[in-house]
Amino acid sequence: MNPKNSSKEPLNDQEREGRWSEVTRGERYVIRTTSEEVNGAYSMLEVVADPRNGVPMHVHDNEEEHFIILEGKALIANGDSRAEVGAGSSVTIGRGVAHAWCNPSEDAPLRMLVLFTPGGLEELYRRNAGTEPIDMIALAAKFGTRITGPALFDNLHTISSPRP
């Protein structure tokens with residue numbers, strides 16, 4: 001891998017705070033560190049998910065995904081295992097491993113940092129704004145992310161079953 005150096009100045013925290021976007025209603029994110037800022041080593045997002053929001057089972061062909069739970073609880077599937085983890089916990093998903101996450105709470109948000117190593121997948125998030133669910137699935141596939149199964153439980157809001 002030959003990472004590119006970037007001549008872009010990193011955004012300060014105040015500039016980043018104004019750039020929150022939604023994947024689906026009830027799941028917001030902001031890009032905290034771009035791969036350009038760290039020579040391709042990783043990219044980091046902050047994600048806030050409302051109760052009963054999450055993602056369906058999927059695989060990243062090119063990246064490992066690391067979750068650091070800051071507030072609330074997350075239910076995370078990692079291959080065949082599932083675990084509910086709270087603030088202060090971290091979970092790493094290997095490249096090519098099917099996984100999913102959700103906020104199982106009925107009343108509390110989930111806030112977490114999500115790191116992708118190596119970096120670059122933040123471009124998928126940059127491009128998804130205003131994308132319809134079916135188009136988002138096709139877009140994800142272009143970045144080596146494949147939907148491989150359903151959400152972790154029924155009545156969960158995901159790109160396949162968004163919040164009204």
Side-chain angles (χ1 to χ4, degrees), residues 10-38 40-60 62-126 128-129 133 136 140 143 145 147-164:
L11 296 174
N12 65 40
D13 287 341
Q14 192 172 30
E15 290 171 320
R16 288 182 208 271
E17 286 297 324
R19 296 186 180 208
W20 285 88
S21 298
E22 284 190 329
V23 175
T24 62
R25 290 182 72 165
E27 182 188 331
R28 298 165 299 288
Y29 69 91
V30 63
I31 299 170
R32 292 287 180 205
T33 305
T34 67
S35 58
E36 293 88 7
E37 294 171 307
V38 292
Y42 67 94
S43 48
M44 180 172 56
L45 284 67
E46 181 177 347
V47 175
V48 177
D50 288 347
R52 310 212 34 101
N53 260 77
V55 299
M57 290 295 286
H58 63 284
V59 170
H60 299 291
N62 306 311
E63 302 85 13
E64 291 183 339
E65 188 169 8
H66 313 272
F67 298 92
I68 302 168
I69 310 305
L70 302 174
E71 296 175 18
K73 291 184 180 177
L75 175 61
I76 298 179
N78 183 357
D80 293 333
S81 67
R82 290 182 182 203
E84 189 170 292
V85 295
S89 299
S90 63
V91 175
T92 295
I93 310 293
R95 181 179 315 189
V97 175
H99 63 285
W101 65 264
C102 70
N103 177 355
S105 172
E106 295 288 338
D107 58 3
L110 164 64
R111 185 172 151 250
M112 60 187 173
L113 295 176
V114 181
L115 286 85
F116 296 101
T117 56
L121 197 60
E122 76 274 17
E123 187 61 29
L124 167 62
Y125 289 84
R126 285 183 184 127
N128 83 354
M136 178 60 181
F143 285 88
T145 299
I147 304 299
T148 59
L152 295 177
F153 54 85
D154 292 335
N155 302 320
L156 187 70
H157 301 287
T158 71
I159 59 172
S160 302
S161 58
R163 192 178 292 273

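Every heavy atom of this structure was used, including side-chain atoms; hydrogens, water molecules and symmetry mates were not. What you see is a predicted model, and the numbers here were worked out from it, not measured in a lab.
- Here the straight-line distance linking atom NE2 of H58 with atom CD1 of I93 works out to 8.5 Å at 0.5 Å rounding.
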Report task. Let me see the working for V97 and V59 under side-chain contact (heavy atoms from CB on, under 4.5 Å), right down to the final yes or no. Result -> CA-CA 6 Å; V97 175; V59 170; over 6 Å; no
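- The pair E36-R126 meets the salt-bridge criterion, since a charged nitrogen lies less than 4.0 angstrom from a carboxylate oxygen.
- One side chain, H60 or T145, offers a donor N or O that lies under 3.5 Å from an acceptor on the other.
- Salt bridge status for D50 with R28: present, with a side-chain N to carboxylate O gap under 4.0 Å.
- One finds the CG atom of L70 at 4.5 Å from the CG atom of L113 (value rounded to the nearest 0.5 Å).
- Checked by atom type and distance alone, the side chain of E123 never pairs as donor or acceptor with a backbone atom of G120 at under 3.5 Å.
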Which is it for V48 and W20 under the side-chain contact (heavy atoms from CB on, under 4.5 Å) test, yes or no, and what are the steps along the way?
-> CA-CA 10 Å; V48 177; W20 285 88; 3.9 Å; yes
### Message
Using side-chain contact (heavy atoms from CB on, under 4.5 Å), reason through W101 and L152 one step at a time and then give a plain yes or no.
### Response
CA-CA 7 Å; W101 65 264; L152 295 177; 5.5 Å; no
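- Residues L115 and E64 form no side-chain contact, since every pair of their non-hydrogen atoms from C-beta on lies 4.5 Å or further apart.
- Listed for the N103 side chain is a donor-acceptor partner under 3.5 Å among the backbone atoms of A108.
- A donor-acceptor contact closer than 3.5 angstrom links the side chains of H66 and T117.
- The shortest non-hydrogen separation linking P118 to E63 is O-CG, 3.4 Å.
- For the pair P51 and S105, the tightest heavy-atom approach, listed with the atom from each and the gap, is CB-O, 3.0 Å.
- Using the six-membered ring where Trp is involved, F67 and H99 have ring planes that are perpendicular, over 60° apart on the 30 and 60° scheme.
- Between atom CD1 of residue I76 and atom OG of residue S89 there is a gap of 8.5 Å, rounded to the nearest 0.5 Å.
- Ring geometry for Y125 versus F116: interplanar angle of 30 to 60°, hence tilted.
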Verify salt bridge (charged side-chain N to carboxylate O under 4.0 Å, His left out) between E46 and R32, making sure each step is shown before the conclusion. CA-CA 6 Å; E46 181 177 347; R32 292 287 180 205; 2.6 Å; yes
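- Between V85 and V91 there is a side-chain heavy-atom pair separated by less than 4.5 Å.
- In this structure, a donor-acceptor pair under 3.5 Å is present between the side chains of S35 and E122.
- The shortest side-chain heavy-atom distance between C102 and F153 falls under the 4.5 Å cut-off.
- Atom OG of residue S90 and atom CD1 of residue I69 lie 8.5 Å apart, to the nearest 0.5 angstrom.
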Hey, mind stepping through R111 and V47 against side-chain contact (heavy atoms from CB on, under 4.5 Å) and telling me if it holds? CA-CA 6 Å; R111 185 172 151 250; V47 175; over 6 Å; no
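- Here the shortest heavy-atom pairing between G79 and M57 reads O-CE, 4.2 Å.
- Closest approach of L110 to A74, counting heavy atoms only: CD2-CB, 3.8 Å.
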